[in-house]
Asks: 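Here it is: the structure, laid out below.
Everything numeric in this text was worked out from a predicted model, so none of it was measured. Numbering starts at 1 and runs along the sequence shown.
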Amino acid sequence: MENNKKRAILLSILLLIILVTGVFIIIRNKDNNKENKYGNGDETFQESKDNEKKETDKFYYVEEFADESIFEGNGYDKIFKYNGKIVRFKGDSLQDIKSKENIYEIPDNITLRGGYWLINEDEIWNIKYDSNIKQIIASSFDNKGNKKGNIELKDFKGKIVDDSYIMVEHMRVSDDYIYLSAQTNTQPTLHIFTKEGELKYSYESVSSFDVDNKGRCIFTTQGSTSLPYGFYMVDSEKGTEIFRNISYRLNPIRFSEDGEFIYGFDKNLNVFHAKDGSFKESIFEFGKDSTYLLDDYDIKDFMVEKDGDIYYSLKTKVMRDTVIELSDIKSSYYLYTKQEGERPKRETTVIITDSYRNDFMDEAIKRYELKYPDEHIEYNYTYNNENEFGENAEECVSKLTLDIIQGNIGDIVHTGGVGIEIHNILATDAFMNLTDLIEKDKSYKDLNKDVLNALKINNAIRGLPINYMFYQYELNEDLEKQLGLNIDFTNISWSEVLDIVKIIEEKAPDRHLFTLEMEGKSPWDVFEEYLLIANMPDLINLETKEVNLNQQWFKDLLIKFKDCSKSKNFVLGNAEYNLTDRLHGSLLALTFNRSIYHADRLFHFNEYNKTNSSRVIPSFIGEKNDNRTGYSMMMYSINNRSERKENAWKFLSFLLEEDIQFISSRDRTGIPISKKGVDRMIADAIYMHRLSGSNIDGYNNAMLENSHKINYLYDMGYLRLGISEPIGLYMNGEITLDEALKRAEENVMIRLNE
């Protein structure tokens, strides 16, 4: 009982601290994001009103796996309609996908080898290149296998490979025309032929197409000068464009059975009005309406029946440069039966409390529920995105703090990157000590132990960082050589860095120590965070609540900083923004492991080093000890009052798995805490830009080494503000250093003892 009272008192004290200072983290992160003001910023989540279904229009799908087979060839991964049944090729038969029965045996006088095969109701069509007569031949057969005729297709614009065959992507036949999409040396070209074989029209860079019974053709493009990315409807007879919609990239695309609507994939299965191409609604989302995601599959074909049932043909995804056996490439077929009403709800096993929604958590929950279909994660957030949260941070932090004190929170709480003071809140037992669970977890051997230890407070880890960011500097090796520097930059203090200003003044008066965007700020405004957080652990003891700012080494450092900041060689603050050259001739440029994709950072670093020489070094250490800090924007804690701690840890443990860790790297809020996740992030970055060589290896190796130098995963931000503000007055010449340190110490003592 006494312990509970003490805990309540301590949490109440924390409230005052956090209310006054909790927004600091948000302010700092907004400043950090300024390096990304020219792109790659946080994306805003906006729910489309068009996607909202009326209460009377709610529906869901029941999934049924139909069949799987080894991929055989062109036409074998498509879905057709035969005598009113939805079918696909299975060997030498047509299989009803719904009943899984073979309903039609291909006659013996038709050999399904060579070319592209198509079922057109009760007709069978084939198109292939006849090397003997050097012609593209379209052949039709009746349902008994009797050939109805051959049509020579003239002016074919596709690629004929080795004078042997053509590569057909898709084919359709109407009463009057033959439609054919075939590979060229670049993107496929859509051909519209008459039944006499004359080419009427062709369209380049077509990725998918379909036709109806009204002489209309709908197709999507990969983008060209004449046809930008989007989808188009044309009149097959006249060749005129009926409409275009360049807001969506759909692949594949299909008409509805009655021709009134168009279905196409742009992340979801969307429905458009066929009269003008306008958006109607989204009806299917993989991962939500299916028990799998499309990470490992490509959609080859689909069909939507009048009653709303959906059939899918999927093929094993084969990445570029990936070695894979042909037997491993599978065609899979699924049927989704439409059901009116709401999907039966699963029992909630974990509730997550968050200040704002983020894409990573949304996707992680989706994947978790796919893996554990009997479990449901309830995701409760106050704002739709981080930007909205930042605009209302003070109010949101206040509410979250009160909710934590009162216990009005879920089983898991987002504690990193939401404005609360990490050290104070994790120094209490409001959240569960995760140390034993982390050390016993199957992923523990792959986790960055230094980062985890940097979060220990009173020998307990009460938050799990899914990823983290830290500071590094890019060092200009060309200027380093010119200045004749013989310094260990992997273990350099701030005072040693400042000493270089005098050397630059003497040996390279047109150069600078730093390049950093100033935006009208003073040098102290820009650098105080990094200088102070490296030294605060030697100025303040959070455990004993002792503070001593009046130490001579600290005073000397501040005097030196003020002197150096007056030099014209201290910082280049108005350089034109350039992702490739961040140095602009200076010795050092600050960089973060957030806001920009790792692939882009590697690419620009490599581009710079093609004609210049630079390397990445860790952040500078304190004057007395090698204090280095990091921060986690995605740290989660388990409510100590939760009755579902086991379920909560099961979910957090899931977030440490390799696939989820890799996903966390795409959030641009840091690098994964798991080495496997980091390795995947690096491999993906190298693959994306086809990177290799010593520059790439050097950057990645340095980043990994620097990530193990973190001592603190919190930076005492609320205390730092109390120190930096009066020191800023000293830097501006408004008060003496002794007066500044006295005020700063008073500020810290007040906050430590509130």
Asks: Go through S164 and S131 one step at a time and tell me if the side-chain hydrogen bond (donor to acceptor under 3.5 Å, both in side chains) criterion holds.
Replies: CA-CA 6 Å; S164 178; S131 58; over 6 Å; no
Asks: Taking atom NZ of K98 and atom CG of L335, what is their separation to the nearest 0.5 Å?
Replies: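 It comes to 6.0 Å.
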Asks: On the ring face of Y232, is R244 found with NZ or CZ under 6.0 Å from the centre and within 45° of the axis?
Replies: no
Asks: Parallel, tilted or perpendicular: which fits the ring planes of Y201 and Y203, with parallel below 30° and perpendicular above 60°?
Replies: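 Plane angle between 30° and 60°, so tilted.
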Asks: Do other residues, nucleotides or ligands put more than 12 heavy atoms under 6.0 Å from the NZ atom of K275?
Replies: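 Atom NZ in K275 is not packed in, count stays at 12 or less.
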Asks: Tell me, please, whether Y60 has R343 positioned over its six-membered ring: NZ or CZ under 6.0 Å from the ring centre and within 45 degrees of its axis?
Replies: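 Verdict for Y60: no cation-pi partner in R343.
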Asks: Before giving the answer on side-chain hydrogen bond (donor to acceptor under 3.5 Å, both in side chains), spell out for E169 and Q183 the whole-Å C-alpha distance, their side-chain angles and the decisive distance to 0.1 Å.
Replies: CA-CA 7 Å; E169 295 291 315; Q183 283 286 353; 3.0 Å; yes
Asks: Determine whether a donor-acceptor pair (N or O, by modelled atom type, separation under 3.5 Å) exists between the side chain of N109 and the backbone of G145.
Replies: yes
Asks: Is there a donor-acceptor pair closer than 3.5 Å between any side-chain N or O of N120 and the backbone N or O of E123?
Replies: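 Looks like no, no N/O pair under 3.5 Å.
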Asks: Does E305 offer a backbone N or O that forms a donor-acceptor pair with the side chain of D309 under 3.5 Å?
Replies: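 Pair absent, no side-chain N/O of D309 close to backbone of E305.
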Asks: Spell out, as yes or no, whether a donor-acceptor pair under 3.5 Å connects the side chain of H273 to the backbone of E260.
Replies: no
Asks: Hey, do the aromatic rings of Y248 and F279 have their centres closer than 6.0 Å?
Replies: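 Yes, the ring of Y248 comes within the 6.0 Å limit of the ring of F279, centre to centre.
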Asks: Rounded to the nearest 0.5 Å, what separation is found between the CD1 atom of I124 and the CD1 atom of I110?
Replies: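 That separation rounds to 4.0 Å.
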Asks: Does CG in D276 sit with more than 12 non-hydrogen atoms of other residues, nucleotides or ligands closer than 6.0 Å?
Replies: yes
Asks: A quick test of your reading: do over 12 heavy atoms of other residues, nucleotides or ligands sit less than 6.0 Å from NZ of K200?
Replies: yes
Asks: Donor-acceptor pair, distance only, cut-off 3.5 Å: does the side chain of N612 make one with the backbone of Y608?
Replies: yes
Asks: Describe, in one word, how the ring planes of F265 and F302 are oriented to each other, choosing from parallel (under 30°), tilted (30 to 60°) and perpendicular (over 60°).
Replies: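 Plane angle over 60°, so perpendicular.
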Asks: Measuring from atom CD of Q187 to atom OG of S181, what distance do you get when rounded to the nearest 0.5 angstrom?
Replies: 10.0 Å
Asks: Could you go through D301 and R254, starting from their C-alpha distance and side-chain angles, then the distance that decides it, and tell me whether this counts as salt bridge (charged side-chain N to carboxylate O under 4.0 Å, His left out)?
Replies: CA-CA 9 Å; D301 204 357; R254 298 290 180 260; 2.9 Å; yes
Asks: State plainly whether the residues D67 and K90 are in salt-bridge range, i.e. N to O under 4.0 Å.
Replies: yes
Asks: Heavy-atom count around K306 NZ within 6.0 Å, excluding the residue itself: above 12?
Replies: no
Asks: Looking at K317 and D295, does any basic side-chain N land under 4.0 Å from a carboxylate oxygen?
Replies: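 The answer is no: the pair does not qualify as a salt bridge.
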Asks: Is the side chain of K195 donor-acceptor paired with the backbone N or O of D175 at a distance under 3.5 Å, no angle test?
Replies: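 Looks like yes, one N/O pair under 3.5 Å.
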Asks: How many angstroms lie between atom CG of L602 and atom CD1 of I682, to the nearest 0.5 angstrom?
Replies: 7.5 Å
Asks: What heavy-atom pair brings A274 and I262 nearest, and what distance separates the two atoms?
Replies: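 Closest heavy-atom pair between A274 and I262: CA-CD1, 3.9 Å.
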Asks: Can you check whether G259's main-chain N or O pairs, donor with acceptor, with R216's side chain at less than 3.5 Å?
Replies: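 Yes, R216 side chain to G259 backbone: donor-acceptor pair under 3.5 Å.
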Asks: State whether the number of non-hydrogen atoms from other residues, nucleotides or ligands found under 6.0 Å of L294 atom CG is greater than 12.
Replies: yes
Asks: Donor-acceptor pair, D142 side chain versus K144 backbone, under 3.5 Å?
Replies: yes
Asks: If every non-hydrogen atom of Y179 is compared with every non-hydrogen atom of S236, which pair is closest and at what distance?
Replies: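 So the two residues come closest at OH-OG, 2.7 Å.
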Asks: For a salt bridge (charged side-chain N to carboxylate O under 4.0 Å, His left out) with E657, tell me which candidate from R367, K371, K676 qualifies.
Replies: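 Filter result, single survivor: K371.
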Asks: Could you walk me through whether D163 and K134 pass the salt bridge (charged side-chain N to carboxylate O under 4.0 Å, His left out) check?
Replies: CA-CA 8 Å; D163 193 34; K134 311 296 184 184; 2.4 Å; yes
Asks: Compute the ring centroids of F272 and F231, then answer whether they are less than 6.0 Å apart.
Replies: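 Under 6.0 Å, so yes.
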Asks: Can you tell me if Q95 and Y104 form a side-chain donor-acceptor pair at under 3.5 Å?
Replies: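 No - no donor-acceptor pair under 3.5 Å links their side chains.
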Asks: Indicate yes or no for a side-chain donor-acceptor contact from T220 to the backbone of L250 under 3.5 Å, with no hydrogens or angles considered.
Replies: yes
Asks: Quick check for you: to the nearest 0.5 Å, what is the distance between L269 atom CG and I310 atom CD1?
Replies: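 The distance works out to 5.0 Å.
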Asks: Please verify the inter-ring angle class for Y336 with F284; under 30° counts as parallel, over 60° as perpendicular, anything in between as tilted.
Replies: perpendicular
Asks: Tell me yes or no: between the side chains of T240 and D235, is some donor less than 3.5 Å from an acceptor?
Replies: no
Asks: Once the angle between the rings of Y292 and Y334 is folded into 0 to 90°, is it parallel (under 30°), tilted (30 to 60°) or perpendicular (over 60°)?
Replies: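 Because their plane-to-plane angle lies in the 30° to 60° range, the rings of Y292 and Y334 count as tilted.
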Asks: Would you check if there is a donor-acceptor pair between the side chains of N700 and H598 at a distance under 3.5 Å?
Replies: yes
Asks: Salt bridge or not for K100 and E64, using N-O below 4.0 Å?
Replies: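 A salt bridge is present here (some side-chain N lies under 4.0 Å from a carboxylate O).
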Asks: Count the heavy atoms belonging to other residues, nucleotides or ligands that lie under 6.0 Å from NZ of K81, then report whether that count exceeds 12.
Replies: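 Yes, because the 6.0 Å sphere around NZ of K81 holds more than 12 heavy atoms from other groups.
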Asks: Could you tell me whether K338 sits above the aromatic face of Y61, with NZ or CZ closer than 6.0 angstrom to the six-membered ring centre and within 45 degrees of the axis?
Replies: no
Asks: Looking at F261, is K280 sitting on its ring face, NZ or CZ under 6.0 Å from the six-membered ring centre and within 45 degrees of the normal?
Replies: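 Yes, cation above the ring, under 6.0 Å and within 45°.
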Asks: Is it the case that R601 places NZ or CZ above or below the six-membered ring of F603, under 6.0 angstrom from the centre and within 45 degrees of the axis?
Replies: no
Asks: Does Y312 form a side-chain hydrogen bond (donor to acceptor under 3.5 Å, both in side chains) with S290? I'd like the steps, not just the answer.
Replies: CA-CA 11 Å; Y312 287 109; S290 70; over 6 Å; no
Asks: Name the one of N251, D77, L314 that satisfies side-chain contact (heavy atoms from CB on, under 4.5 Å) with I299?
Replies: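 Of N251, D77, L314, side-chain contact (heavy atoms from CB on, under 4.5 Å) with I299 is met by L314 alone.
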Asks: Is it true that D659 and R680 make a salt bridge, defined as a side-chain N closer than 4.0 Å to a carboxylate O?
Replies: yes
Asks: For the residue pair E204 / T189, report whether a side-chain donor-acceptor contact shorter than 3.5 Å exists.
Replies: no
Asks: How long is the span from the CD1 atom in I166 to the CG atom in L180, to the nearest 0.5 Å?
Replies: 6.0 Å
Asks: Is the count of non-hydrogen atoms from other residues, nucleotides or ligands lying under 6.0 Å from N213 atom CG greater than 12?
Replies: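 Check fails, neighbour count at 12 or below.
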Asks: Would S282 and N270 count as a side-chain hydrogen bond (donor to acceptor under 3.5 Å, both in side chains) if you check the C-alpha gap in whole Å, the side-chain angles of each, and the deciding distance to 0.1 Å?
Replies: CA-CA 4 Å; S282 288; N270 298 320; 2.4 Å; yes
Asks: Check whether any side-chain N or O of N609 sits under 3.5 Å from a backbone N or O of S694 as a donor-acceptor pair, and report yes or no.
Replies: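 Judged by distance alone, no pair lies under 3.5 Å.
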Asks: Looking only at heavy atoms, what is the nearest atom pair of S256 and D258, with distance?
Replies: OG-OD1, 2.7 Å
Asks: Answer yes or no on whether R668 is positioned over the face of Y597, meaning its NZ or CZ is under 6.0 Å from the six-membered ring centre and within 45° of the axis.
Replies: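 Yes - R668 lies over the ring of Y597, closer than 6.0 Å to its centre and within 45° of its axis.
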Asks: Can you establish whether the number of heavy atoms outside E363 located under 6.0 Å from its atom CD is more than 12?
Replies: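 It does: E363 CD has more than 12 such atoms within range.
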Asks: Would you please test E198 and K154 for salt bridge (charged side-chain N to carboxylate O under 4.0 Å, His left out) and show each step?
Replies: CA-CA 6 Å; E198 301 294 331; K154 304 175 183 64; 3.7 Å; yes
